[in-house]
Enquirer: 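What follows is a single structure, and I will ask about it in a moment.
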Number of protein chains: 4
Amino acid sequence: MNLLGGHSRVSQQRSAKNKKNRTLRVRNRGARERALIEAAAKLFADQGYEHTTTREIAAKAGCAEGLISRYFKGESGLLRTIVESQIAQKPSTPAPLPASIQEEVRRLVEEEVQHLWDDREFLKMVIPQMILSPSLGREISQIPDRRAVKIVERLRNYKEAAGLSSDELNAFATSIIGLGFLFGFWRPVTLGQEREASKRMAASMGAILSRAF
Amino acid sequence: MNLLGGHSRVSQQRSAKNKKNRTLRVRNRGARERALIEAAAKLFADQGYEHTTTREIAAKAGCAEGLISRYFKGESGLLRTIVESQIAQKPSTPAPLPASIQEEVRRLVEEEVQHLWDDREFLKMVIPQMILSPSLGREISQIPDRRAVKIVERLRNYKEAAGLSSDELNAFATSIIGLGFLFGFWRPVTLGQEREASKRMAASMGAILSRAF
Amino acid sequence: MNLLGGHSRVSQQRSAKNKKNRTLRVRNRGARERALIEAAAKLFADQGYEHTTTREIAAKAGCAEGLISRYFKGESGLLRTIVESQIAQKPSTPAPLPASIQEEVRRLVEEEVQHLWDDREFLKMVIPQMILSPSLGREISQIPDRRAVKIVERLRNYKEAAGLSSDELNAFATSIIGLGFLFGFWRPVTLGQEREASKRMAASMGAILSRAF
Amino acid sequence: MNLLGGHSRVSQQRSAKNKKNRTLRVRNRGARERALIEAAAKLFADQGYEHTTTREIAAKAGCAEGLISRYFKGESGLLRTIVESQIAQKPSTPAPLPASIQEEVRRLVEEEVQHLWDDREFLKMVIPQMILSPSLGREISQIPDRRAVKIVERLRNYKEAAGLSSDELNAFATSIIGLGFLFGFWRPVTLGQEREASKRMAASMGAILSRAF
DNA sequence: GATGAATGAGCCTTCATTCAT
DNA sequence: AATGAATGAAGGCTCATTCAT
């Protein structure tokens with residue numbers, strides 16, 4: 001009941017009983033945002049974005065549900081924030097070049113497998129959204145494409161790479177990335193193959209590919 | 001029989017028990033089930049299972065919403081029915097063996113690319129669910145695994161295949177399937193790469209792989 | 001937990017316990033719509049549109065909240081429906097013409113006062129919305145404008161009306177409507193004047209106006 | 001002093017108790033209060049009280065949201081402050097009496113129309129609340145009632161007014177106020193009639209009314 | 001004193017399922 | 001057998017207020 005006698009829809013004066021057993025408030029926006037992002041990323045990966053409620057995210061992050069809307073403009077904004085920060089991620093320092101291209105190919109395959117496995121939480125989270133939204137897919141494709149460019153550059157350091165045209169080299173690098181996806185993420189995570197078996201298969205295939213030179 | 005035109009298993013179970021008025025009833029029920037399956041498969045692929053309402057499915061199929069619960073025990077049963085019928089699908093007739101293993105490898109890659117492209121609607125539909133449900137992933141992994149076995153069998157017809165161990169051959173076949181997935185589905189559909197570019201990359205890679213022998 | 005192991009956001013299978021103590025379902029869409037309209041009109045008038053929750057409307061109408069969205073496209077659609085049906089209302093049968101224009105003026109004022117009093121629930125409901133939305137105001141202004149035209153027509157039946165120009169006659173009729181609004185609605189309902197006092201004032205003013213001829 | 005520039009009663013109460021640093025503090029607090037009142041009055045009139053958030057008010061006033069609770073005991077207190085200051089408003093200096101009562105009646109109508117037009121922002125703000133709260137309506141009705149008394153007093157200066165009883169005179173004055181409301185606020189602001197057309201209608205009606213004497 | 005981060009109750013809406021017709 | 005009206009349990013979001021800083 002407000003000033004004018006009407007029932008206010010929103011302003012129900014918080015009664016005295018709420019003063020007790022209230023959680024201590026902390027003021028730290030940055031930490032709250034990070035907690036929400038972390039909680040959401042985990043839940044999105046585990047249950048899927050569609051099955052994750054803002055209630056769950058807030059509970060896991062230990063803060064109020066309303067902050068999701070306020071900080072990220074809604075649940076979808078939270079997803080977008082996570083995706084964008086992942087896309088913007090800086091590349092790691094490159095490994096030293098092995099002596100032979102065969103060695104390098106094997107190493108690349110192994111590295112990609114590991115990399116995709118490390119990113120599995122992110123992939124589980126975004127793949128359903130990529131399928132729904134072509135534009136998101138295109139945005140995310142920057143990640144493997146940039147990696148492919150890096151691989152081509154590395155392979156060009158070996159004289160044997162001269163035997164392949166630019167397009168072939170590009171297809172080769174893209175395929176290495178793809179095999180990383182396949183054996184690092186797709187088969188172990190999505191198809192449920194045992195991870196060690198996946199890695200062995202990848203290593204076999206790396207060895208076979210290295211013979212292309 | 002393709003996914004979207006497949007006979008529903010439910011309709012086959014039920015068709016026997018209607019003794020009277022059989023022709024009419026069977027035709028009606030079967031037709032309705034097929035209409036629902038077809039409508040659902042299209043909508044699930046386009047909008048995702050999570051964003052497809054039973055209302056939409058019924059509207060597109062031209063029948064009442066309640067039938068989804070009645071025939072398929074709910075929306076999820078409809079998805080299950082579709083997935084199961086796809087898994088149970090009979091393999092198509094194999095192509096004749098080319099003269100050289102190089103030719104065969106190139107052909108296999110191309111065939112896989114085409115195959116995964118043809119199945120893109122199904123994949124778009126199930127991938128988000130596979131990520132959510134390891135058991136579904138394991139079930140679906142039967143499909144590529146059976147194909148890999150077939151590929152191994154075919155490659156064994158060439159003497160050059162003897163140079164690879166059984167594990168290597170298996171990894172090789174699995175990788176071919178994976179490249180089919182990569183260039184037939186993943187890159188064109190999910191990452192938004194132009195389909196022809198994807199096919200060219202796949203052909204390049206097929207050529208490179210064929211040199212492994 | 002659904003088919004795929006994920007938690008469905010919406011499809012929580014209704015457990016068996018709900019089968020008991022469920023209200024009997026009646027299938028009568030028209031009656032439901034009318035009940036909702038009636039309940040909403042009353043609540044909107046009493047508490048204001050902004051302070052009326054769909055929960056309250058549904059409870060008062062004795063049906064499920066979701067129907068408001070389904071039938072009227074939301075709470076606002078319910079308001080729109082009510083307003084439109086009021087605007088479209090057929091005019092009542094006109095009273096017989098009194099012998100003198102003086103009598104007619106007094107009668108008109110009285111009639112308008114009564115009319116606006118009768119419509120007070122509707123006015124209480126729409127006025128806040130009219131103030132918010134100019135377009136709604138313009139739409140609703142059709143009601144008094146049509147009434148003013150009718151009044152002008154009636155007055156033209158008396159030779160004394162010839163003493164007023166068309167504009168004057170129009171202003172006169174509009175003022176009669178306005179006095180009806182003033183003493184029939186505004187003062188008794190909004191300013192809290194005692195209704196009988198309002199009516200007496202209106203009668204006084206009617207008498208004074210009648211001397212204009 | 002106009003509504004939107006009026007001194008807050010709260011600020012005057014508080015201004016005394018700050019002994020130290022008075023000038024600065026008083027100026028700041030008073031200025032903030034005035035800024036909040038001004039911002040709120042504008043927003044309440046434009047969007048309605050119900051649709052105005054404290055966030056918006058604070059943003060427009062250029063100060064912190066929390067001050068609304070602190071200074072005015074919440075958003076509703078802000079509205080109450082505005083309304084009370086308007087009700088308490090001093091009457092303006094009366095115009096000189098024209099030679100004829102006819103002239104005076106025409107002048108009064110015109111004056112009222114202008115007056116209600118000037119107050120339109122205030123009316124847009126309070127009308128929805130008046131409809132919700134009879135007590136607020138009664139409080140606000142002081143404003144037109146006091147004006148009606150003033151009009152009666154003025155009319156009594158003319159001998160022609162003696163032809164009307166006290167009640168009639170009162171009804172006449174109240175009707176003039178009502179026509180001011182009708183043509184100065186209701187029709188142009190709420191019904192969307194063009195303002196000049198409203199004024200012309202009012203002038204016509206003023207002329208007609210003046211013939212009552 | 002002033003700020004604005006944080007709270008959390010409550011709102012409208014959606015939608016799979018049920019069941020009277 | 002088929003329909004679609006009705007249900008009701010969440011879900012995301014808003015926003016006045018509180019209170020740590």
Side-chain angles (χ1 to χ4, degrees), chain A residues 2 8-15 18-19 22-30 32-33 50-58 63-71 73-76, chain B residues 18 21 24-25 28-29 32 52-58 63-71 73-76, chain C residues 2 8-14 18-19 22-33 52-58 63-71 73-76, chain D residues 18 21 24-25 28-29 32 52-58 63-71 73-76:
Chain A
N2 69 7
S8 171
R9 195 175 261 191
V10 186
S11 78
Q12 61 297 343
Q13 33 237 44
R14 203 86 40 82
S15 56
N18 287 349
K19 296 215 162 158
R22 153 170 300 151
T23 54
L24 184 68
R25 280 199 209 185
V26 190
R27 295 165 70 94
N28 190 341
R29 174 157 179 168
R32 284 287 206 281
E33 286 179 352
E50 308 290 349
H51 291 127
T52 301
T53 69
T54 53
R55 226 86 88 195
E56 286 175 304
I57 298 170
C63 62
E65 210 180 339
L67 289 188
I68 294 169
S69 284
R70 179 192 269 274
Y71 291 164
K73 304 194 189 241
E75 195 181 21
S76 63
Chain B
N18 297 321
N21 207 350
L24 183 61
R25 284 214 172 153
N28 281 351
R29 171 146 189 175
R32 278 179 213 278
T52 302
T53 68
T54 53
R55 186 95 31 107
E56 285 173 305
I57 298 170
C63 61
E65 215 181 335
L67 290 187
I68 293 169
S69 281
R70 175 183 288 276
Y71 290 165
K73 308 201 185 238
E75 193 182 23
S76 63
Chain C
N2 70 8
S8 170
R9 199 175 258 189
V10 186
S11 77
Q12 61 298 343
Q13 32 237 44
R14 202 89 33 87
N18 288 349
K19 295 215 162 156
R22 152 169 302 150
T23 54
L24 183 68
R25 279 198 210 185
V26 192
R27 294 164 70 93
N28 190 341
R29 174 157 177 166
R32 283 287 207 282
E33 285 180 352
T52 303
T53 69
T54 52
R55 217 99 77 203
E56 286 173 305
I57 298 170
C63 63
E65 212 180 339
L67 289 187
I68 294 169
S69 283
R70 179 192 269 275
Y71 290 164
K73 304 192 188 239
E75 194 181 21
S76 63
Chain D
N18 297 321
N21 209 350
L24 181 63
R25 284 211 173 155
N28 280 351
R29 171 145 190 176
R32 277 179 213 279
T52 302
T53 67
T54 52
R55 186 92 36 107
E56 286 173 305
I57 297 170
C63 61
E65 216 180 335
L67 290 186
I68 294 170
S69 282
R70 174 184 288 274
Y71 289 165
K73 305 198 186 243
E75 193 181 22
S76 64

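Numbered from 1 within each chain, the chains take letters A, B, ... in sequence-line order. Predicted model only: the values in this text are computed from it and were never measured. All values below were derived from every heavy atom in this structure, side-chain atoms included, with hydrogens, water molecules and symmetry-related copies excluded.
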Enquirer: Whole-Å distance between dT21(F) C1' and R32(A) CZ?
Expert: 14 Å

Enquirer: Could you check how far CG of L67(A) sits from P of dG12(F), rounded to whole Å?
Expert: 15 Å

Enquirer: Let me know the distance between CZ of R70(B) and P of dA2(F), rounded to the nearest Å.
Expert: 7 Å

Enquirer: Are E65(A) and T54(A) close enough that a side-chain donor and a side-chain acceptor fall under 3.5 Å?
Expert: yes

Enquirer: Does G66(D) or A64(C) map to a spot on DNA chain F nearer the 5' end, using the closest nucleotide for each?
Expert: A64(C)

Enquirer: List DNA chain F stems (3 or more consecutive Watson-Crick/G-U pairs, under 3.5 Å)?
Expert: E:2-21 with F:2-21

Enquirer: Please compare R55(B) and E65(D) by the position of their nearest nucleotide in DNA chain E and report the one closer to 5'.
Expert: E65(D)

Enquirer: To the nearest Å, give me how far apart CG (N28(A)) and P (dG4(E)) are.
Expert: 16 Å

Enquirer: Expressed in angstrom and rounded to an integer, what is the separation of E33(C) atom CD from dA5(F) atom P?
Expert: 9 Å

Enquirer: According to side chain to side chain donor-acceptor pair (under 3.5 Å), who are the partners of E33(C), at least two apart in sequence or on a separate chain?
Expert: R29(C)

Enquirer: Mapping S69(B) and G30(A) onto DNA chain E by nearest heavy atom, which one lands closer to the 5' end?
Expert: G30(A)

Enquirer: Atom CD1 of I68(B) to atom P of dT17(E): distance rounded to whole Å?
Expert: 9 Å

Enquirer: When the distance from CZ of R29(A) to P of dC19(F) is rounded to whole Å, what number comes out?
Expert: 21 Å

